[in-house]
Novice: 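Here it is, the structure, as structure tokens.
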Amino acid sequence: MASELEKVYDPKAVEAEVSQQWLQAGAFNAEPSDGREKYCIVIPPPNVTAALHLGHALNNTLQDVLVRFKRMCQFNTLWMPGTDHAGIATQTVVEKRILAEEGKRRTDFERDEFVARIQAWKDDYEQRIITQLKWMGCSCDWRRTRFTMDATCAAAVRATFFKLFSDGLIYRGKRLVNWDVATQTVLADDEVEHEEVQGNFWYLRYPLEHPADVGGLLVDHVTVATTRPETMLGDTAVAMNPSDPRAQYLVGRNVRLPIVGRLIPIIADEHVVLPKADSDDEKARFSTGFLKVTPAHDPDDYAIGQRHGLEMINVMAPDGSISDKHGWADVGADAQFLLGMDRFEAREAIVEWFRTEGLLEEVRPYVHQVGHSYRSHVPIEPYLSDQWYVAVKKPIANLESRIANLGATADSGATASVGATAASFAAVQSTDNAQLTDTHDGITYIRGTDVPVNSLAGLALMPLLDGRLKFTPDRYANNYRAWIENLRDWPISRQLWWGHQIPVWSQDCELPADVKATPTDRGPDAQVCAALDRAIGGNFGQAMGKFAVRHYLTLQAHPEKQGWIRTYICLDHDEPDAVAMIERAGWKRDCDVLDTWFSSALWPFSTLGWPEKTPDLAKYYPGDALVTAREIITLWVSRMVMMGQYCAGDIPFSDVFIHAMIQDGEGRKMSKSLGNGVDPLDVIDSHGADAMRYTLVAMTTQTQDVRMPVAEMKLPDGRVVNTSPKFDNGRNFCNKLWNAARFLMMNIQGQPAWADIHPNENLADAWILSRLNGAIRDVTLALEGYRFNEAAERLYHFTWNDFCDWYLEIAKARINAGQAAPKAILSHCLDVILRLLHPIAPFITEAIWQRLNDVASVRGPADEQAERMLVTAAWPYANGGAISEPTEKRFALLQDLVSQVRNARTQHNVPPSQKVAVIIEAPDNLAAVIAENTDLLKSLANLSEAKVQRGAVEPPANSAAIAVGGVRLYILDIIDRDAELARLTKQADLLRRGIGGIEGKLGNAGFVAKAPPAVVQKERERMAQLRADLAAVEKSLEALK
RNA sequence: GGGCGCGUAGCUCAGUUGGCUAGAGCGCUUCCCUUACAAGGAAGAUGUCACAGGUUCGAGUCCUGUCGUGCCCACCA
């Protein structure tokens, strides 16, 4: 391999090669048998809906930085990769594509056929995603790549569902759900996006059945205000606040619902807002005091309906059209014209009907928040529907003991970590948590909440409160906590084809009359079971006993048929013969699939083989850190925490790092539709993977959003791609590093052994080693504290400023002068820089490392052969003894002198090539150090001569005078009087400003008395220094006049 | 309606428990293609730290309020 590098760093030339080497060496592979302490991160599995964007690049770069850092710290490191099937999202994308390309709808296919189409899409995008991650340099153990619907994950889903089902935590409920009429599926509360909508309040008159005397006034109607007139078809009451003065006359009377003709009661309910025209409350300003109640189409109304036992009439079909087929029976002749209309058409038609009939009292414009589907973006319809739910606040019997027992029942030894953490959970439960909980009615709640400690929600919340779970930045803990405290049961069924099909079979049975027990949603009692056996003609339990599959049976009263029950069987896996048997006996499998987040919640342990007690699970669970964006703290993070404990006995990670969301230059989200999306592969093409990674890491502060101006760029191959000039920074840095390495490799041949050099005898050597070790210390601390930008910037400035701008320039001159010592220092510095920078910029550092090995395989105090590959080389540890503040201070004085001389040269228009001579006047304590480093000054400031004198020097004629840090320096034969005057005047101003500031402080009695003595002392020293320098500058100015 | 951010140089952003003459990168000005690097080097200019109060010896940093801006949550009368 040639020791001379290309002049310009070409990422293309090294990235593929380096990547190949890592994979061939198995550098990312994690082996549970490796006894070293483990470090484990699971990837937030990207959705297979689309290729990755810059947000993913950020997310995965940060994970890779942590993983590579820990790997170099010699942990047994696992980064688990994989992708998410993303139920609704993926199905929607594929449906749209097929409709656009083939004009076919989902219903034109058989289920299996359609799922196969989605599967093909998934295969394609999974491949693209993995390729993108590899190009980014992600050091995942690719052999383990999982998918949320693969066999391993599916087994975990089944096991979890069965466990929840048999613990009575999954139930079938009729609830008002967030219905997406476009995709015809239910959405969880957090999948609903609220958007501001310009709407109207329509004031509709409902005639009273009989005119009423209201405090002496004869009224024949009441007026309700609504934003959704179409729901009036399902009204089953009109409510008013009991404290409304009109209530005494009207409650109990009936109104005749227009169009429909239904007679509905006026009821009293505290929920109704009293009208008040000048109220701060917008609702009060718009209220008439009468609220139409539509239990089947509004969550508030649903609650009122529950309180008053109102009928629930659903007037819509699942597609959002008005329908009499889904619960609406009393459709009169007047309402027929509405059937089949879309809900928004119907809204207009109904308003028009009221207008024509003279029953539309008023229309007032109103801006309000309306829930929209996060997938289809159509307004959500609150819809009465049968769905599966997970009870999140229901106490789970014997939960603590089960979690504590998990360690004991698992294989000993290998599961030490699981057992230990489970034990600590139990300990926390019994001691510390006493302050965090309240017990009443036999249930222990988390204090100040309705969350039982031993519920799923409790499992998610308690680790945050007792300190086992930490967020960085910590403010995100608030989101997490508030969300869980207000958590409602989790609807987990989705009316989709793409996903884990719900493993429940159901059948309706008529119960013989002799069964007296009222079946509940818990498991059946013996009497009911016997009856059930008779109903199906056989012994169900015995029949199932023949199979290896576990089953769990529940039943509930039939929702419609008196004397009937509905039975549900859940199987823990699909054993074909057992399935065939129960299906022959009349049970049908539920068509729905599980919410995507159900399988995501299991990701930290499903990927390791749970529920099997695998070596992987024993070694790598629980993991250490999770890196994600704030938008899924609730949807995903909290559910992993709850299911991690419920299933695998411990929280899945202790640290959650939340990074920023990347926006474009105008602060907008990046998206395909806006055309401002950026593909990481395009950035890799335009700037290189390391440049992209460096810039992303340097941007990662504690802020919640970062802006990334997007610009088009033409690549050498002619393609025009979206990228960002922000990545120039990273590219320039890589190029700088490359060239520093290039210079080194051309110059370090014949480097002496470390034992033969004496860094302490040379200020520059001691200085760069002090700076180097300071950088090691700071970068290590920054990475451990998730302060990514600090690590990046510290390395940038150490490498560029300290190492390249100063040390390397000094070394050049010394090497030219025949000194060998700098060669050893240079190779050691580069060695450490490469190690420190590797997690952030893995490709270029690995490439340089291997080339450096060819030139100088031993470098640094350890006097050992450097590791063959950087990816698994050891992380450097700071040598505190090398860090010296006095050394850095002395060197800083030389830097100041050089800068000031350069400045004076520029001001006086001295050509760069022209050497000048100087005389330096230094106090005793500085004279020696300056005298020892005159060569340094001469080379850096381009001096022909530098004489150092102790004590006062008479300022030479025609000289420029410099005063810095108590040292006086005169540049001889500089004759531009105006330039010198201007320079010194400015210098004096600057010094006076500094002195003025300090005088203000020291002149303040309070400061001297109350500030810490060290601070006062420091100010006094600075004051003396500045005053001395100012005196010198003033004297020089005087001499000019 | 509730919660959480942000507002510092023309732009994008740092400023760790209050202790600077307020920083970085890009951009800008002048000079330099000096045998590592022009994706570079040297020197330089640029700020009422949104606004108003308060706490303090001392505020970009802490507190209160105002304005602007963004995100999240919330049952759409």
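All figures in this text were calculated on a predicted structure; none of them were measured in a lab. What's counted below: heavy atoms across the whole structure, side chains too, no hydrogens, waters or symmetry copies. Lettering of chains follows the sequences in order, A, B, ..., and the numbering in each one begins at 1.
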Novice: Classify A/Thr227 by what it touches in the nucleic acid, base, sugar-phosphate, or nothing, heavy-atom distance under 4.0 Å.
Specialist: base
Novice: Could you tell me how far apart A/Asn486 (CG) and B/C72 (C1') are, to the nearest whole angstrom?
Specialist: 13 Å
Novice: May I ask you to check if A/Lys736 and A/Tyr9 form a cation-pi contact, with NZ or CZ under 6.0 angstrom from the six-membered ring centre and within 45° of the axis?
Specialist: no
Novice: Between A/Glu793 and A/Arg787, is there a salt bridge with N-O shorter than 4.0 Å?
Specialist: no
Novice: With rounding to the closest Å, how many angstrom separate the C1' atoms on B/C11 and B/U46?
Specialist: 13 Å
Novice: Taking only the C1' atom of each, what is the distance from B/C72 to B/A77 in whole angstrom?
Specialist: 25 Å
Novice: Here's one to test your reading of the geometry: is the NZ or CZ of A/Arg814 within 45 degrees of the ring axis of A/Trp806 and under 6.0 Å from its centre?
Specialist: no
Novice: Round to the nearest Å and state the distance from A/Leu991 atom CG to B/U21 atom P.
Specialist: 13 Å
Novice: Rounded to whole angstrom units, what separation is found between the CZ atom of A/Arg742 and the C1' atom of B/A36?
Specialist: 6 Å
Novice: With P as the reference atom in both, quote the distance from B/C49 to B/G40 in angstrom, rounded to an integer.
Specialist: 32 Å
Novice: For B/C75 and B/G70, measure between their P atoms and round to the nearest Å.
Specialist: 24 Å
Novice: In whole Å, what is the span from the CD atom of A/Gln663 to the C1' atom of B/G70?
Specialist: 7 Å
Novice: B/C76 P sits how many Å from A/Trp202 CH2, rounded?
Specialist: 17 Å
Novice: Categorize A/Phe201 for me: base, sugar-phosphate, or nothing, with a 4.0 angstrom heavy-atom threshold over every strand shown.
Specialist: sugar-phosphate
Novice: Counting any heavy atom closer than 4.0 Å, what does A/Arg488 reach on the DNA or RNA strands: base, sugar-phosphate only, or nothing?
Specialist: sugar-phosphate
Novice: State which of B/C71, B/C37, B/A77 makes the closest approach to the side chain of A/Leu291.
Specialist: B/A77
Novice: Using the C1' atom in both, what is the distance from B/U30 to B/G18, to the nearest Å?
Specialist: 40 Å
Novice: Among the nucleotides B/U21, B/C75, B/G25, which one has an atom lying closest to any side-chain atom of A/Arg993?
Specialist: B/U21
Novice: Heavy atoms under 4.0 Å is the rule here; annotate nucleotides 3-19 of chain B 5' to 3' with B where the base is hit, S where only the sugar-phosphate is, and - elsewhere.
Specialist: -SB------SSS----B
Novice: Less than 4.0 angstrom from a charged side-chain N to a carboxylate O is my criterion; do A/Lys812 and A/Glu809 meet it?
Specialist: yes
Novice: Mind checking A/Val272 for me? I need base, sugar-phosphate or nothing, with any heavy atom below 4.0 Å counting as a touch.
Specialist: base
Novice: Going by modelled atom types, is there a donor-acceptor pair between the base of B/A36 and the side chain of A/Glu6 at under 3.5 Å?
Specialist: no
Novice: Calculate the interatomic distance between A/Ile658 atom CD1 and B/C71 atom C1'; express it in whole Å.
Specialist: 14 Å
Novice: How far, in whole Å, is B/G15 from B/C76 if one measures between their C1' atoms?
Specialist: 44 Å
Novice: For nucleotides 39-45 of chain B, give me one character per nucleotide, 5' to 3': B if any protein heavy atom sits under 4.0 Å from the base, S if the only such contacts are to the sugar-phosphate, - if neither.
Specialist: BSSSSSS
Novice: Between B/U29 and B/U35, how far apart are the C1' atoms? Round to whole Å, please.
Specialist: 29 Å
Novice: Between the base of B/A36 and the side chain of A/Lys7, is one N or O donor paired with an acceptor at under 3.5 angstrom?
Specialist: no
Novice: Considering residues at least two apart in sequence or located in another chain, which fulfil the salt bridge (Lys or Arg N to Asp or Glu O under 4.0 Å) criterion with A/Arg228?
Specialist: A/Asp298, A/Glu381
Novice: Can a side chain N or O of A/Arg905 be found less than 4.0 Å away from OP1 or OP2 on B/C31?
Specialist: no
Novice: Can you figure out which of B/A36, B/A77, B/G25 approaches the side chain of A/Met746 most closely?
Specialist: B/A36
Novice: Round to the nearest Å and state the distance from A/Leu635 atom CG to B/C73 atom C1'.
Specialist: 12 Å
Novice: At 4.0 Å (heavy atoms only), tell me whether A/Glu631 reaches a base, stays on the sugar-phosphate, or touches nothing.
Specialist: nothing
Novice: More 5' along RNA chain B: A/Cys804 or A/Leu1026, using each one's nearest nucleotide?
Specialist: A/Leu1026
Novice: For the pair A/Phe733 and A/Tyr796, name the ring-plane relationship: parallel under 30°, tilted 30 to 60°, perpendicular over 60°.
Specialist: tilted
Novice: For a quick check of understanding: with a heavy-atom distance under 4.0 Å over all strands, which category does A/Asp298 fall into, base, sugar-phosphate or nothing?
Specialist: sugar-phosphate
Novice: Can you check the A/Arg481 CZ to B/G2 C1' distance for me, whole Å?
Specialist: 13 Å
Novice: Compute both the distance and the angle, then confirm whether A/Arg630 meets the cation-pi test with A/Tyr476: under 6.0 Å from the six-membered ring centre, within 45 degrees of the axis.
Specialist: no
Novice: What's the closest nucleotide to the A/Ala740 side chain, out of B/A77, B/C57, B/A36?
Specialist: B/A36
Novice: Check this for me, if you would: do A/Arg205 and A/Glu361 make a salt bridge, where the nitrogen-to-carboxylate-oxygen distance has to be below 4.0 angstrom?
Specialist: yes
Novice: Looking only at heavy atoms, what is the nearest atom pair of A/Val8 and A/Asn735, with distance?
Specialist: CA-OD1, 3.7 Å
Novice: Is A/His687 touching bases, backbone alone, or none of the nucleic acid, heavy atoms closer than 4.0 Å?
Specialist: nothing
Novice: May I ask you to say whether A/Lys12 pairs ionically with A/Asp685, meaning some side-chain N is under 4.0 Å from a carboxylate O?
Specialist: yes
Novice: If I pick the P atom on B/A22 and the same atom on B/G5, what distance separates them, to the nearest angstrom?
Specialist: 28 Å
Novice: Got a salt bridge between A/Asp802 and A/Arg794, using NZ or NE/NH1/NH2 to carboxylate O under 4.0 Å?
Specialist: no
Novice: Between A/Asp989 and A/Lys986, is the closest basic N to carboxylate O distance under 4.0 Å?
Specialist: no
Novice: NA contact type, A/Ile380, heavy-atom cut-off 4.0 Å: base, sugar-phosphate, or nothing?
Specialist: base
